[in-house]
Q: 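I am attaching a structure below and will ask some questions about it afterwards.
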Amino acid sequence: MHDDTRCLETDDAIAASRFQSLSFPVCRGSTVVFPTVEAYQRRRENFYDGYSYGLYGTPTSRALEARIASLENGTKTLVVPSGLAAIVLTILAVAKAGDQVLIPDSVYDPVRTLSDNFLSFLGIQARYYDPLIGGGIAALLNDRVKLVLVESPGSATMEIQDMAAIATAAQAHGALVAVDNTWATPLRFKPLEKNTDFSISAISKYFAGHSDVLMGSVTVRDEAFYRRLRDVSRYLGYGVSPEDCALVLRGIETLPVRLDRAEENALMIAKWFEGRPEVVKVLHPALPSHPGHAIWQRDFSGSSGLFSVILQPWTRPQLASAIEALELFCIGASWGGTKSIVAVMDPPPVRTSTRAVEQGPLVRFSVGLEHVDDLLLDLEKAFRMLEPKAEHFEPPVRLGI
């Protein structure tokens, strides 16, 4: 055999070895080969659960899907290139031209852009609803509504939705319910146990956990929904890298301890903000002051590291300087990694079917795994730049003697 050919030999010794590891191997491959012509010609029979082409799944991606499905208490999971891709896929698997999709007014902002620009182009009508509507959503349901999207809490303004009431109303009208469960992860909430149909997650965030992976997932109980999702994902050309799947598999192993630390840190910082004169409102569902706290207690087993605060309008002139003075909070989008992140949203997110949030700037914090004392000291130093001036207050009332 010539050296040119030896360079391309398949190393059967590796495949036959007894090497075992605690980490799942990265199985790269675009072309999948078959032992016989008949097996090749019947390869599409393996599309849903086997291997027919690298774009449609590898042992590494299948292992990740099985791990997420187990955590979600679902039947099947499909992983896709991003959290937004997971939402797009779910909508397109359910709705067609002439159909309607109900979307909470507090939705992740790129979904609003998707709905207003792309879905409308396809003839799918997006209608925004009050996230606090609960069972009242029945009044918005009709034969054209095929899907109700839920995001609880909202990823900026933290509204907690009554998913049980929404699911009951939707089911009575023949509509499906998809829940964006990125904030809670299945460790804190399991949407499929609340009679919903799709559990969606941007696994770029807490699942992967290190701010270095883009990926999303959709989990279902109904095998027929899974097959429909996989069909549409093929039409869209969705695929994921086995290297990224391996990173997420590794991230899941530390998810419980990371989530516990982020939750603990975030709650301490949220309580610190409640005592600040610059703050109008702290938006954290685990705080008793949050309007959705009772529903959160009923449905969720815990919280995570993401919350927002609304500041006084008079903080605007110094806000950028104060945020830029933070040493441990990086400025950026996304969240759920090991390092703390801050994002200023001023003006606050758009609302089209409900009243806008308070007029002050909205600042969202993704609290990471740093020591909470260091984070609080960092915030304390930066927020001194926002300390109230005398002109911001009414003079005290003097009581006559």
Side-chain angles (χ1 to χ4, degrees), residues 80-134 136-137 140-141 144-161 163 166 170 175-184 191 196 198-205 214 216-218 232 236 283 292 306-308 310 332-336 341 343-359 361-364 366:
V80 294
S82 70
L84 181 60
I87 293 172
V88 173
L89 174 63
T90 303
I91 293 173
L92 296 185
V94 170
K96 63 183 185 304
D99 291 338
Q100 295 180 346
V101 177
L102 299 185
I103 297 175
D105 213 17
S106 55
V107 73
Y108 172 59
D109 188 62
V111 177
R112 188 180 291 271
T113 303
L114 158 77
S115 303
D116 294 346
N117 295 281
F118 183 62
L119 293 185
S120 58
F121 173 76
L122 298 178
I124 300 171
Q125 182 185 8
R127 295 168 55 200
Y128 298 100
Y129 69 90
D130 182 349
L132 304 181
I133 198 170
I137 203 167
L140 303 180
L141 295 166
R144 293 179 60 196
V145 176
K146 302 303 179 184
L147 182 70
V148 179
L149 183 64
V150 173
E151 182 182 300
S152 184
S155 62
T157 44
M158 299 288 143
E159 293 90 344
I160 291 290
Q161 297 191 246
M163 283 181 265
I166 290 172
L176 302 173
V177 178
V179 178
D180 185 335
N181 195 41
T182 305
W183 181 86
T196 63
F198 305 91
S199 179
I200 298 171
S201 183
I203 55 180
S204 314
K205 297 180 170 64
L214 286 169
S217 67
V218 189
V232 176
L236 296 174
L283 306 175
L306 190 77
F307 71 96
S308 299
I310 298 174
S334 197
W335 39 276
I341 301 288
V344 176
M345 302 178 187
D346 192 22
V350 172
R351 292 290 180 269
T352 54
S353 67
T354 54
R355 183 180 65 85
V357 298
E358 281 81 353
Q359 294 305 305
L362 186 148
V363 182
R364 189 179 71 179
S366 173

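Model, not experiment: these values are computed from the prediction.
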Q: How far apart are the closest heavy atoms of Leu149 and Pro104, and which atoms are they?
A: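 That would be O-CD, 2.9 Å.
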
Q: Which atom pair, heavy atoms only, marks the closest approach of Ala178 to Thr90?
A: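 Closest heavy-atom pair between Ala178 and Thr90: CB-CG2, 4.0 Å.
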
Q: Could you walk me through whether Thr182 and Tyr108 pass the side-chain contact (heavy atoms from CB on, under 4.5 Å) check?
A: CA-CA 11 Å; Thr182 305; Tyr108 172 59; over 6 Å; no

Q: Please find the pair of heavy atoms, one from Trp183 and one from Pro153, that lie closest to each other, and give the distance.
A: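 Scanning both residues, the minimum pair turns out to be CE3-CD, 3.2 Å.
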
Q: Between Ser201 and Ser217 (side chain of the first, backbone of the second, donor and acceptor by atom type, cut-off under 3.5 Å), is there such a pair?
A: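 Side chain of Ser201 to backbone of Ser217, a donor-acceptor pair under 3.5 Å: no, none is there.
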
Q: Without swapping roles, check the side chain of Glu159 against the backbone of Ser106 for a donor-acceptor pair under 3.5 Å.
A: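 Flag not set: sc Glu159 to bb Ser106 has no pair under 3.5 Å.
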
Q: I want to check something: taking the side chain as every heavy atom from C-beta on, are Leu236 and Val80 in contact at a cut-off of under 4.5 Å?
A: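 No, their side chains stay 4.5 Å or more apart.
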
Q: If you look only at pairs with a residue in residues 85-105, which of them pass as a salt bridge (Lys or Arg N to Asp or Glu O under 4.0 Å), with sequence neighbours excluded?
A: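 The answer is Lys96-Asp99, Asp105-Arg112.
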
Q: Only one of Val150, Ile166, Val145 forms a side-chain contact (heavy atoms from CB on, under 4.5 Å) with Ile137, so which one is it?
A: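 The single option meeting the side-chain contact (heavy atoms from CB on, under 4.5 Å) with Ile137 is Ile166.
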
Q: Please assess Asp180 against Val107 for the test side-chain contact (heavy atoms from CB on, under 4.5 Å), listing each intermediate value before the final yes or no.
A: CA-CA 9 Å; Asp180 185 335; Val107 73; over 6 Å; no

Q: Are any side-chain N or O atoms of Arg364 and backbone N or O atoms of Ser155, one a donor and one an acceptor, separated by less than 3.5 Å?
A: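 Present.
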
Q: Report the distance from atom CG of Leu114 to atom CD1 of Ile103, rounding to the nearest 0.5 Å.
A: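 Here the interatomic distance stands at 7.0 Å.
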
Q: Which atom names give the shortest non-hydrogen contact between Tyr128 and Ser115, and what distance separates them?
A: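 Where Tyr128 meets Ser115 most closely, the heavy atoms are OH-CB, 3.5 Å.
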
Q: Show, in sequence, the C-alpha distance, side-chain angles and deciding distance for Ser199 and Val179, and conclude whether the side-chain contact (heavy atoms from CB on, under 4.5 Å) test is met.
A: CA-CA 5 Å; Ser199 179; Val179 178; 5.5 Å; no

Q: Which atom names give the shortest non-hydrogen contact between Ser204 and Leu214, and what distance separates them?
A: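 What the structure gives for the nearest pair is OG-CA, 3.3 Å.
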
Q: Could you give the distance from CE (Met345) to CG (Asp109), rounded to the nearest 0.5 Å?
A: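 So the gap between those two atoms works out to 8.5 Å.
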
Q: Tell me the closest heavy-atom pair linking Val148 and Ala170, and the distance in Å.
A: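 Scanning both residues completely, I find the closest heavy atoms to be CG2-CB, 4.3 Å.
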
Q: To the nearest 0.5 Å, what is the distance between CD1 on Ile341 and NZ on Lys205?
A: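 Rounded to the nearest 0.5 Å, the CD1-NZ separation comes out at 11.5 Å.
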
Q: What distance separates Ile310 CD1 from Leu283 CG, expressed to the nearest 0.5 Å?
A: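 Here the rounded value is 4.5 Å.
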
Q: Evaluate the criterion side-chain contact (heavy atoms from CB on, under 4.5 Å) for residue pair Thr354 and Leu132; output intermediate values, then yes/no.
A: CA-CA 10 Å; Thr354 54; Leu132 304 181; over 6 Å; no

Q: Distance check, rounded to the nearest 0.5 Å: Ile133 atom CD1 versus Leu102 atom CG?
A: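 Ile133 CD1 to Leu102 CG: 8.5 Å, rounded to 0.5 Å.
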
Q: In the structure I gave you, are the side-chain heavy atoms of Glu151 and Val111 within less than 4.5 Å of one another anywhere?
A: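 Counting from C-beta outward, Glu151 and Val111 never come under 4.5 Å.
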
Q: Using a 3.5 Å distance criterion without hydrogens, assess whether the side chain of Ser366 forms a donor-acceptor pair with backbone atoms of Gly336.
A: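 Yes; judged by distance alone, with no hydrogens or angles, the pair exists.
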
Q: Would you give the length of the straight line joining atom CD1 of Ile91 to atom CD1 of Ile200, rounded to the nearest 0.5 angstrom?
A: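 Between atom CD1 of Ile91 and atom CD1 of Ile200 there are 7.5 Å.
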
